Every structure is written in structure tokens, then in C-alpha cells.
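Okay, so here's the structure we're looking at.
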Amino acid sequence: MKADYYSWTQTLVMMAADENEEMRSLELSGQVGFNSLPHQVVRKLVSQGFCFNILCVGETGIGKSTLINTLFNTTFENEEADHYEREVKLRSQTYELQEHTVKLKLTIVHTVGFGDQINKDESCKPILDYIEAQFEKYLEEELKIKRSLSNYDDTRIHICLYFIAPTGHTLKSLDLVMMKNLDSKVNIIPIIAKADIMSKTDLGNLKKKIMTELQSYGVQIYQFPNEDEEVGEINSSLNARLPFAVVGSTEDVKIGNRMVKARSYPWGAVQVENEEHCDFVHLREMLLRVNMDDLREQTHSRHYELYRCCKLQEMGFKDTDPDSQSFSLQEMYEAKRREFFKELQHREESMRQMFVNKVKETEAELKEKEKELHERFEVLKRMHQEEKRNLEEKRRELEEEMNAFNRRKVAAETLMGQALQGCSQQPLKKEKDKKNFFSLPSACSLSSGRNLN
């Protein structure tokens, strides 16, 4: 921000100087040496290295990892995903690549689980949040007092390769909604994945349908710049081939006397780098050889600037019109600070009032519950007393029954004792009578004997 402000000030000074005197053209008498400035810039950039970030959006198993491996002619480590993810997750992986003397820091972001959910309403949100989070990180670094953008690890997405399923019909509603939400945040390149399963006629018809739907729904995809004379013709031909129908493969197949990247089938082989078979060569030429710097520039000058503009407007910053007076950053800061404190006080008062109301509501609820508990306690107390009285009555009745039982028991024991006593005396009387009976004849014989004598 500070450097931009100084450059803007210098531009105004130069414009004012141009109004006062005409610019003069001078011819140099000999070589000075500032024609080597481009070479100095190139050497500096090559020593620093470059970064390039790719976002791959597509359904699981559509061939995203295979195409990336084929593009860079290497095998990147990537975990296989299944179709049972509950939500869309973004997996970012960074690699250090080098081609001759040029170093490239490549970041590949995969959308794991995209399109696998039954309810696809939330499929777009994680991707959009990730892109905006990278913009937010760059903006925070840019607004720092001590910043180092030259050494900053730029994670902003430079291109989105959107993989379209080769259904042969048209775009899905999820594809249209997703690309419509992405077109203002990232450069979109639509790709028909696994194009070898379709015939050339069906593939051409599908391309026309996709481009027609994108135009009718107002989806703005990345258009290759054709203003440059060197690459204008190439980019015009590339624009005519959108969306790219690609085939990816890391398998080397022998075709004739040479080994090529291809996919083998019982009826033959689909060569990845054969322009008659697919658009892989055109995609690689567009992405890596011709327009990589333009993609980086478009990300910074268009998508990031749009996000930055909206974000600063939300923060209260605004540009002045040419006719209006210039503003002071200090005054704007003070005004924004007062506005912030006023809003903070308002929120604090609202929270305090909300807390008071909540406390009152809680107290009323507690009193009501206390009343209910007291009433319930009184009911339980009455029930307890009633049960206690009933138990006392039952206890008295039981004691009376026990006393009556004991009396009956004593009477029965008395009668039983008397009966047993009577039974025991009767056998003794009988035995006595029996003895008397047997003793009676002997007495009679004795008396008769005496009489005889």
C-alpha cells in the first residue's frame, strides 16, 4: 500500500511537470547500457523462482490426478479417495520442480468428495471459502506495516481445471452453479475428462452444447489473450477448441518403433500426445508454454483486485472522484475508529440489555419451577401423610387381630390341656378297676375255704 501510494504520488508529479513543459527527445551518442534491464529482470526472477497454483474440481474417479501427472510428466503422491465422503474437502500438496534453470513451486489442490453427496447444496461453499481464504491471506500480508511480498508464499489459485464428466448429453446443474460461482474468483478452464470413451461426432456435439450453455447462463471462462502478436494466433486457435477433450495416462506403450504415453485397449491405443486423438497437447501448450504468466497476471489484476476492492469498501475505504477533494488517511482512520467505537458501545449496550432480559427470564423460569416444585412437594407431603394414616390404621387392625388370635390361642391351649389331662386320667381308672376285678375271685375262694374249715 505504501509503495503504491508513493508511485501514485510520483505519477501526479510527473503529470504536473508534463503540463508545464514539453517532453524532449534526445539521441544518445553512444551505448549507455539500460537496454540490459530486461535481462536483469529475467535473472532476478529466475533466481527467485516462480509459483503456480492449480485447483482441480471434479467428481471422484474422473481422472484429475492422472491428468496432472501426465501434464508434468511425473508422478505426484496423492491419496486415493472413495465415494463415501460426507462433505467436500480440499487437499493441498506443494512440490518443487525444476526444468533447466527455472524453478517452479507447484501447488495442486484437489477437491475430495466433490459431487458424491446426495444433497449437493453445500458442495460449492468449501471451495469458494478456500479461494477467498487465500485472497485474505495475501491482503493481510499486503496491509502489514512490515511486509515482504517478494518472499511471500503466494497460495492464490491461478487456474481452475474444471473436469466435466463425458456423459454425452450436457452439463449438470452442479457444474453450472459451481462454475457460475467461480468465474469471478478464478480463471476457469473447462475440460472434458476421459474423452476416449466418446466418438468424435459425439464429442464435437458435446463441446458445442457446453459452450452454448455456458454463454446462456453467463459463465465467464478464461479466454486466451490474442492481443500479443507472438501468441495471438495460437491463442485464437486454442479458444476455438474449448472445452478441451483430454485423455491422461502415465503408461508407456510401444507404437511402431517408439514409446509414447497412451491408453491400451483391445482394439488399439489412444495416444495422449496425438492431436487427432485428444486435446492434451493443446492444453499443455496453453497452460505451461504460452499463458502461464498471463494466468498469474489475471489472478492478481482481475480476481484479487476485485476481492481487494470489495473488502476495502467493507472496511470503509473509498476512492475519491477527480472533482472532489483528496482525503486524509488519518482523518479516515479517526472517523472509522469513532464509528467502530460507537458500534462497539451499541453492541455492548445491546448485549447488556440482552443479558438483563435473559437474567429476568431465567429468574421468572426459576420462580415458576420453584412454585411447581413446592406444589408438587405439598401434594407428595399430603399423599405421604395419607399413606401414613392408612398404615397406622392397618397396624392397629393387625395388632387387634394379633391380640384376638393370641386370646384364641390361649383358650385353645387351655382346652387342649384339659382334654389331654382327662384322657390321661381315664386309662389310670380303667387299670385300677381291672386290678380290682381280678383281685375279687381270690378273695371269694379264701372266704369259702375258711368256711369249709
Side-chain angles (χ1 to χ4, degrees), residues 54-73 75-76 78 80-81 83 108 110-111 114-116 159-176 178-179 182 187-215 219 221-224 234-253 255 260-291:
I54 302 176
L55 172 65
C56 299
V57 181
E59 300 175 358
T60 304
I62 204 171
K64 301 186 292 294
S65 300
T66 304
L67 181 63
I68 294 298
N69 293 340
T70 311
L71 273 174
F72 292 93
N73 196 23
T75 302
F76 297 109
N78 187 30
E80 294 186 2
H83 294 271
I108 302 172
H110 290 280
T111 54
F114 179 78
D116 293 338
I159 185 171
C160 170
L161 298 179
Y162 196 94
F163 290 75
I164 301 171
T167 57
H169 300 287
T170 183
L171 288 172
K172 299 179 182 179
S173 58
L174 176 62
D175 297 332
L176 287 171
M178 188 71 232
M179 283 192 279
L182 285 174
N187 303 310
I188 303 176
I189 299 295
I191 293 176
I192 302 175
K194 298 183 178 181
D196 53 336
I197 69 173
M198 300 179 65
S199 64
K200 286 188 177 182
T201 304
D202 294 339
L203 197 57
N205 294 332
L206 179 60
K207 283 187 175 185
K208 292 179 182 179
K209 289 180 181 178
I210 290 174
M211 294 304 296
T212 302
E213 286 198 354
L214 292 178
Q215 291 176 2
V219 179
I221 61 176
Y222 175 74
Q223 294 293 324
F224 310 115
I234 299 175
N235 285 337
S236 298
S237 62
L238 292 176
N239 285 327
R241 287 183 172 271
L242 288 172
F244 293 114
V246 299
V247 177
S249 176
T250 56
E251 180 183 359
D252 293 327
V253 179
I255 305 295
V260 296
K261 300 290 184 183
R263 298 183 69 89
S264 299
Y265 294 97
W267 44 264
V270 177
Q271 300 179 30
V272 173
E273 297 181 345
N274 191 335
E275 297 182 12
E276 297 296 329
H277 293 180
C278 66
D279 297 330
F280 174 79
V281 175
H282 301 288
L283 174 64
R284 185 175 60 185
E285 186 176 15
M286 176 279 301
L287 185 63
L288 304 179
R289 191 178 73 86
V290 180
N291 297 303

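None of the values given here were measured: they were computed from a predicted structure.
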Which atom pair, heavy atoms only, marks the closest approach of [X] to [Y]?
| X | Y | answer |
| --- | --- | --- |
| T66 | S249 | CG2-N, 3.8 Å |
| A269 | A262 | CB-CB, 4.3 Å |
| K194 | G61 | NZ-O, 2.8 Å |
| L203 | A245 | CD2-CB, 3.5 Å |
| V57 | K64 | C-CD, 4.1 Å |
| P166 | I197 | CG-CD1, 3.4 Å |

So do [Y] and [X] actually touch side chain to side chain, heavy atoms under 4.5 Å?
| X | Y | answer |
| --- | --- | --- |
| I192 | D279 | no |
| H277 | D196 | no |
| I221 | M211 | yes |
| K261 | D252 | yes |
| F114 | L174 | yes |
| L161 | I68 | yes |
| L67 | L283 | yes |
| C56 | F163 | yes |

To the nearest 0.5 angstrom, please state how far the [atom1] atom of [X] sits from the [atom2] atom of [Y].
| X | Y | atom1 | atom2 | value |
| --- | --- | --- | --- | --- |
| I164 | E59 | CD1 | CD | 10.5 Å |
| Y162 | L214 | OH | CG | 10.0 Å |
| S237 | N235 | OG | CG | 7.5 Å |
| D202 | T167 | CG | OG1 | 11.0 Å |
| L171 | T212 | CG | OG1 | 10.0 Å |
| S264 | Q271 | OG | CD | 10.5 Å |

### Query
Can you say whether the rings of Y265 and W267 are parallel (under 30°), tilted (30 to 60°) or perpendicular (over 60°)?
parallel
### Task
Give me the ring orientation class for F244 and F224: parallel if the planes are under 30° apart, tilted from 30 to 60°, perpendicular past 60°.
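If you compare the ring of F244 with that of F224, the planes turn out tilted.
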### Query
Quick one: do E213 and K172 make a salt bridge, cutoff under 4.0 Å?
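Salt bridge between E213 and K172, a charged N being under 4.0 Å from a carboxylate O: no.
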#### Entry: side chain to side chain contact (heavy atoms under 4.5 Å, CB included), paired with I159, selected from I188, L55, I54, N291
I54
#### Entry: Test item: R263 side-chain N/O and G248 main-chain N/O as donor-acceptor pair under 3.5 Å
yes
